Amino acid sequence: MPIHIGLAGWGDYDQLYTLGSKAGSKLSQYAKHFPLVEVDSTFYAIQSKARFAKWVDETPSSLHFVVKAYQGMTGHQRGAPAQPTELDDMFAAFREMLTPAIEAGRLRAALFQYPPWFDCTRENVRVIREAKARMGGIPCALEFRHQSWFTPEFRVKTLSFMKQEQWIHSVCDEPQAGLGSIPTVLEATDSEITIVRFHGRNVTGWNQGGAANWREVRYLYRYSEEELGEWVDRLEKLQQECEHICVIFNNNSGGDAADNAKQMMEMLGLRRPDGGRPIEPPPPVIEQLDLF
């Protein structure tokens, strides 16, 4: 039962790319390092089907995609909520965008991450149920940001609901910083896939949504070797419950995600898609006398 490790996005990890690489070539280079990528640009705008087809066509079949749902589909946009016809159009465009990855057999899941103010209520349960129906059978993962879904009162009910509605569980490692964060709940809700997302443990920066640089601060965190080691047994536990474990490192504000992902691959004895070790040993030091 394989574990697949990757990063949230692919543009900001300079250590993965040759010097001077153009933006259009980075994803194909990324695919040499990792078998999985989270497409997060789709949260800000639904991309064209042609652009997604390009991502699929220019990368090897070893690379699979987790695609983040558009913010209008998950209620992140402020202001009046989208009307049913608007939602219908959003979901239709999003499904159309995913077609190239689906047809190539390379979509792991669409990821629905709901906002911190999306709490456990009857109305929000209805919203989630309708979102799943609108996706028309496409594999979907569910991630909460409000603690109420996993309080002792609702934890079992939440997990049972996810199983009943066939939602993939997005398990989180994130700061425990009040209502706007959730605990790590090690339980699969789908027999095929579980997603694990590492958001870092920056407690002081987690809830600074009003700050000008909050995106840079929230995910600014580098996991220690000990902290990553805690997850070896946890991932093995999840492996007993489902077929594929998809691990995404999202602690990318300081460029730490790529390094931590490679550390985790080393700990688990995983190889890169190109067959190399995740962390390449430094080149041997050649003494001057060896040249003669």
Side-chain angles (χ1 to χ4, degrees), residues 1-9 34-40 42-43 52 63-71 73-76 91 94-95 97-99 101-115 118 120 124-146 149-150 154-174 181-199 231 234-250 261 264:
M1 296 183 183
I3 297 175
H4 317 275
I5 294 179
L7 311 177
F34 300 106
L36 180 71
V37 67
E38 179 185 303
V39 183
D40 54 7
T42 51
F43 175 78
F52 214 115
L63 183 68
H64 287 73
F65 300 89
V66 171
V67 185
K68 200 168 183 182
Y70 174 57
Q71 59 186 336
M73 297 160 59
T74 52
H76 280 80
F91 275 82
F94 190 80
R95 293 195 310 269
M97 176 195 70
L98 295 177
T99 303
I102 294 171
E103 292 179 344
R106 294 170 58 190
L107 177 71
R108 291 294 183 195
L111 173 64
F112 283 71
Q113 178 192 293
Y114 284 92
F118 190 83
C120 185
N124 285 339
V125 168
R126 181 192 64 78
V127 169
I128 295 170
R129 184 176 279 120
E130 290 186 357
K132 187 66 167 60
R134 279 190 168 100
M135 288 301 289
I138 294 172
C140 295
L142 182 57
E143 181 174 320
F144 296 111
R145 281 285 171 87
H146 195 283
W149 295 93
F150 291 119
F154 289 114
R155 173 173 169 156
V156 172
K157 293 179 180 178
T158 295
L159 293 168
S160 296
F161 168 76
M162 292 172 68
K163 292 174 183 178
Q164 178 183 343
E165 298 291 320
Q166 298 181 314
W167 280 99
I168 296 163
H169 188 192
S170 177
V171 179
C172 294
D173 182 296
E174 65 188 40
S181 59
I182 61 168
T184 297
V185 179
L186 291 174
E187 185 166 339
T189 57
D190 181 89
S191 61
E192 181 68 19
I193 299 175
T194 296
I195 293 175
V196 178
R197 297 178 82 223
F198 284 81
H199 297 303
W231 272 93
R234 294 175 181 177
L235 293 175
E236 290 176 352
K237 176 188 181 299
L238 289 172
Q239 277 186 293
Q240 298 172 16
E241 300 179 13
C242 67
E243 186 66 26
H244 296 275
I245 311 297
C246 296
V247 179
I248 297 289
F249 279 84
N250 188 37
M264 181 64 82

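Atoms considered below: every heavy atom in the structure, side chains included; atoms not considered: hydrogens, waters and symmetry mates. FYI, the numbering just counts along the sequence from 1. This one's a predicted model, so the numbers in the text were calculated from it and none came from an experiment.
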Exercise for review: Would you mind reporting whether I5 and F249 have side-chain heavy atoms less than 4.5 Å apart?
Suggested key: yes
Practice item. State the CZ-CZ distance between F150 and R155, to the nearest 0.5 angstrom. Key: 7.5 Å
Exercise for review: Calculate, to the nearest 0.5 Å, the distance between atoms OG1 and CG belonging to T42 and L98 respectively.
Suggested key: 8.0 Å
Exercise for review: May I have the step-by-step check of side-chain hydrogen bond (donor to acceptor under 3.5 Å, both in side chains) for E241 and H169, ending in yes or no?
Suggested key: CA-CA 12 Å; E241 300 179 13; H169 188 192; over 6 Å; no
Revision key, fill the gap. Taking every heavy atom of R108 against every heavy atom of I168, the minimum-distance pair comes out as O-CD1, 4.4 Å
Practice item. Would you mind reporting whether P2 and H244 have side-chain heavy atoms less than 4.5 Å apart? Key: yes
Practice item. Check whether any side-chain heavy atom of V171 sits under 4.5 Å from a side-chain heavy atom of T184, and report yes or no. Key: yes
Check your understanding: If we only count heavy atoms from C-beta on, is the I248 to F34 side-chain gap below 4.5 Å?
Key -> no
Point to revise | Expected output: side-chain R145 to main-chain Q113 donor-acceptor under 3.5 Å | key: no
Check your understanding: To the nearest 0.5 Å, what is the distance between CZ (F144) and SG (C172)?
Key -> 10.5 Å
Check your understanding: Is it the case that more than 12 heavy atoms not belonging to Q166 sit under 6.0 Å from its CD atom?
Key -> no
Check your understanding: Has K237 got more than 12 heavy atoms of other residues, nucleotides or ligands less than 6.0 Å from its NZ?
Key -> yes
Practice item. Give a yes or no answer on whether the side chain of W149 reaches the backbone of F118 with a donor-acceptor pair at less than 3.5 Å. Key: yes
**Study point:** Salt-bridge criterion met for K68 and E143 (N-O under 4.0 Å)
**Key:** no
Review point. Which distance, rounded to the nearest 0.5 Å, do you find between the CZ of F198 and the CG of N250?
Key: 11.5 Å
**Study point:** Full working for side-chain contact (heavy atoms from CB on, under 4.5 Å) between Y114 and N124
**Key:** CA-CA 10 Å; Y114 284 92; N124 285 339; over 6 Å; no
Review point. Out of E165, R134, K132, which residue meets the side chain to side chain contact (heavy atoms under 4.5 Å, CB included) rule with C140?
Key: K132
Practice item. Considering non-hydrogen atoms only, spot the tightest contact between P115 and G75 and give its length. Key: CG-O, 4.0 Å
Exercise for review: May I ask you to test the L111-R197 pair for a side-chain heavy-atom distance under 4.5 Å?
Suggested key: yes
Practice item. Quick one: pull up CD1 in I3 and CG in L36 and give me the separation to the nearest 0.5 Å. Key: 12.0 Å
Review point. Does any N or O in the side chain of Q239 come within less than 3.5 Å of the main-chain N or O of I245, such that one atom is a donor and the other an acceptor?
Key: no
**Study point:** Gap between atom OG of S191 and atom NZ of K163 - 0.5 Å precision
**Key:** 11.0 Å
